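Supplied in structure tokens, the structure appears directly below.
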2 protein chains.
Amino acid sequence: MAANSQFSIAVHILAMLAKSREGNVKSEYIAGSVNTNAVVIRRLLVQLNRAHLVISQTGSTGGTRLARSADEIDLEAIYKAVSCGEVFALHGKSPNQDCPIGKNIEAVLCNLQKEIDKTVGEKLSQYTLQNVIEMVDSGGSEFSLQRV
Amino acid sequence: MAANSQFSIAVHILAMLAKSREGNVKSEYIAGSVNTNAVVIRRLLVQLNRAHLVISQTGSTGGTRLARSADEIDLEAIYKAVSCGEVFALHGKSPNQDCPIGKNIEAVLCNLQKEIDKTVGEKLSQYTLQNVIEMVDSGGSEFSLQRV
DNA sequence: TTATTTGTAACTATGCTTGTTACAATATGG
DNA sequence: CCATATTGTAACAAGCATAGTTACAAATAA
């Protein structure tokens, strides 16, 4: 289980919150739907709080709610909030700087990486949390409802 | 060093091969530029062979060469050859199927995943290995030369 | 036959993600 | 003020993928 599923879980969490607009939702409750430990949920909620997508409160009536409505939250914001990193990684070790290709390939790949990340962000920004909820409600069969 | 840099290394390898069109290039030589072990290179070359991007030969005059010219190899083909997987992962464990959201969220995210992967593939297909080499030759400062 | 290179297996080391327990900090309500 | 409940967070273990390394069989050329 080393694959990064934080974005998927984050979308799941936010969908849960969106469906419970009245009142705070507890991490334990969300964990029951995601089928994981509540701490895993709380760790993600910290990141969603920092991104101002949700508001959490401690205390006996505490919990978490959306910071704004579901159609004002797009998937790019969620993706960036949980900082899923890049589509591909650059070299682990630096290439040989004495080789003309090794010397410059990293810069080229870094620029490409930025370009791809931008493309992913633009595509994700075409969908809102509201779109996701509509898809879930209709059985999850298609993913075509895009924001106008 | 757990991040997947196989696509980056694969591009590096192919750039090396493209710059040495005459004759076979040995994995040890490529490893010297990438700054890693030759077996790491050979493992990637196996995948590039399977994708028919390169041709390898054993024996004392063996090595690897491009299967076609650099402007006939686009970055999507390289990306698919090394099967870098998906931009984000789905849930590790299955969500709670008794929850209306848990029951359908996976299908929605799976469709989204396919959509994003398609977008990445389309973007990568706009660049060829030849474009990469031109970038490297010009110092790697920009990434803007796109295939017509 | 000898030398050289790829292909591949096996093993280790490293690091990330997730799961889990524990507990301080915070907030509510009696 | 006290009891209760929840978040925030630290600490640690488990599982898994990537990368590095050694070793050797298979293939090929001279």
Side-chain angles (χ1 to χ4, degrees), chain A residues 1-10 12-13 16-17 20 23-32 34-51 54-65 67 82-95, chain B residues 1-10 12-13 16-17 20 23-32 34-51 54-65 67 82-95:
Chain A
M1 248 170 269
N4 191 326
S5 60
Q6 290 179 30
F7 173 73
S8 289
I9 310 294
H12 190 152
I13 291 172
M16 295 288 291
L17 299 181
S20 316
N24 289 332
V25 182
K26 306 190 197 325
S27 61
E28 202 72 51
Y29 179 75
I30 302 172
V34 173
N35 190 23
T36 187
N37 192 289
V39 173
V40 173
I41 302 299
R42 290 207 288 271
R43 281 200 283 238
L44 282 165
L45 284 173
V46 167
Q47 300 183 263
L48 297 175
N49 264 286
R50 286 201 192 111
V54 304
I55 296 167
S56 292
Q57 288 175 334
T58 61
S60 51
T61 61
T64 305
R65 62 184 187 277
V82 298
S83 60
C84 284
E86 290 78 19
V87 173
F88 60 87
L90 302 181
H91 293 57
K93 295 181 190 170
S94 254
Chain B
M1 250 169 266
N4 191 328
S5 60
Q6 289 179 29
F7 172 72
S8 289
I9 310 292
H12 189 151
I13 291 172
M16 295 287 291
L17 299 181
S20 317
N24 289 330
V25 182
K26 306 189 197 326
S27 61
E28 202 72 51
Y29 179 75
I30 301 172
V34 174
N35 191 22
T36 185
N37 192 290
V39 174
V40 173
I41 302 300
R42 290 207 288 271
R43 281 200 283 239
L44 282 166
L45 284 174
V46 167
Q47 299 183 265
L48 298 175
N49 265 285
R50 285 200 193 112
V54 304
I55 296 169
S56 291
Q57 289 175 333
T58 60
S60 50
T61 61
T64 305
R65 62 184 186 275
V82 297
S83 61
C84 285
E86 289 79 18
V87 174
F88 60 87
L90 302 181
H91 293 55
K93 295 182 191 169
S94 253

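Because the structure is a prediction, the values reported are computed rather than measured. Within every chain, numbering begins at 1; the chains are lettered A, B, ... in the order of the sequence lines, protein sequences first and strands thereafter.
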Quick one: ring-ring contact (aromatic ring centres under 6.0 Å, His included) partners of Phe88(A), sequence neighbours excluded?
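ring-ring contact (aromatic ring centres under 6.0 Å, His included) list for Phe88(A), sorted by chain: Phe7(B).
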Tell me: CG of Leu44(B) to C1' of dA17(D), nearest whole Å?
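One finds 14 Å between C1' of dA17(D) and CG of Leu44(B), rounded.
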Can you give the donor-acceptor pairs under 3.5 Å from side chains of residues 56-63 of chain B to other protein atoms, not counting sequence neighbours?
{"residue": "Ser56(B)", "atom": "OG", "partner": "Asn49(B)", "partner atom": "ND2", "Å": "2.8"}
{"residue": "Ser56(B)", "atom": "OG", "partner": "Thr64(B)", "partner atom": "OG1", "Å": "2.7"}
{"residue": "Gln57(B)", "atom": "OE1", "partner": "Asn24(B)", "partner atom": "ND2", "Å": "3.1"}

Using side chain to side chain contact (heavy atoms under 4.5 Å, CB included) as the criterion, list what pairs up with Asn37(A), not counting sequence neighbours.
Val39(A), Val40(A)
Whole-Å distance separating the CG atom of Asn37(B) from the C1' atom of dT18(D)
14 Å
Kindly say if Ser27(B) contacts the phosphate of dT6(C), meaning a side-chain N or O under 4.0 Å from OP1 or OP2.
yes
Nucleotides 25-27 of chain D: which of its N/O atoms have a protein N/O under 3.5 Å away?
{"residue": "dA27(D)", "atom": "O3'", "partner": "Thr58(B)", "partner atom": "OG1", "Å": "3.2"}

How close do Ala10(A) and Val82(A) get, heavy atom to heavy atom, and via which atoms?
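Closest pair (atom of Ala10(A), atom of Val82(A), distance): CB-CG1, 3.8 Å.
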Would you confirm whether Thr36(A), through its side chain, and Ala31(A), through its main-chain N or O, come within 3.5 Å as a donor-acceptor pair?
no
Remember a base hit wins even if backbone is also touched, and classify Glu28(B) as base, sugar-phosphate or nothing at under 4.0 Å, heavy atoms.
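Result for Glu28(B) = nothing.
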Categorize Ser5(B) for me: base, sugar-phosphate, or nothing, with a 4.0 angstrom heavy-atom threshold over every strand shown.
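Counting heavy atoms under 4.0 Å across all strands, the contact made by Ser5(B) is with sugar-phosphate only.
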Over all heavy atoms of both residues, which pair between His91(A) and Ile9(B) is shortest? Give the atoms and the distance, please.
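That would be CD2-CD1, 3.5 Å.
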Detail all sub-3.5 Å separations between protein N/O atoms and N/O atoms belonging to nucleotides 8-13 of chain C.
{"residue": "dA10(C)", "atom": "N6", "partner": "Arg43(B)", "partner atom": "NH1", "Å": "3.3"}

I want to check something: taking the side chain as every heavy atom from C-beta on, are Leu17(B) and Val54(B) in contact at a cut-off of under 4.5 Å?
yes
Leu45(B) or Thr61(A), whichever maps to the more 5' nucleotide of DNA chain C
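By nearest-heavy-atom nucleotide position, the 5'-most residue is Leu45(B).
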With sequence neighbours left out, write down each residue that passes side-chain hydrogen bond (donor to acceptor under 3.5 Å, both in side chains) with Ser27(B), or none if nothing qualifies.
Arg42(B)
Side chain of Val40(B) only, please: which of dT7(D), dA19(D), dG19(C) is the nearest?
dA19(D)
Between dG8(D), dT6(D), dT18(C), which one does the side chain of Gln6(A) approach most closely?
dT18(C)
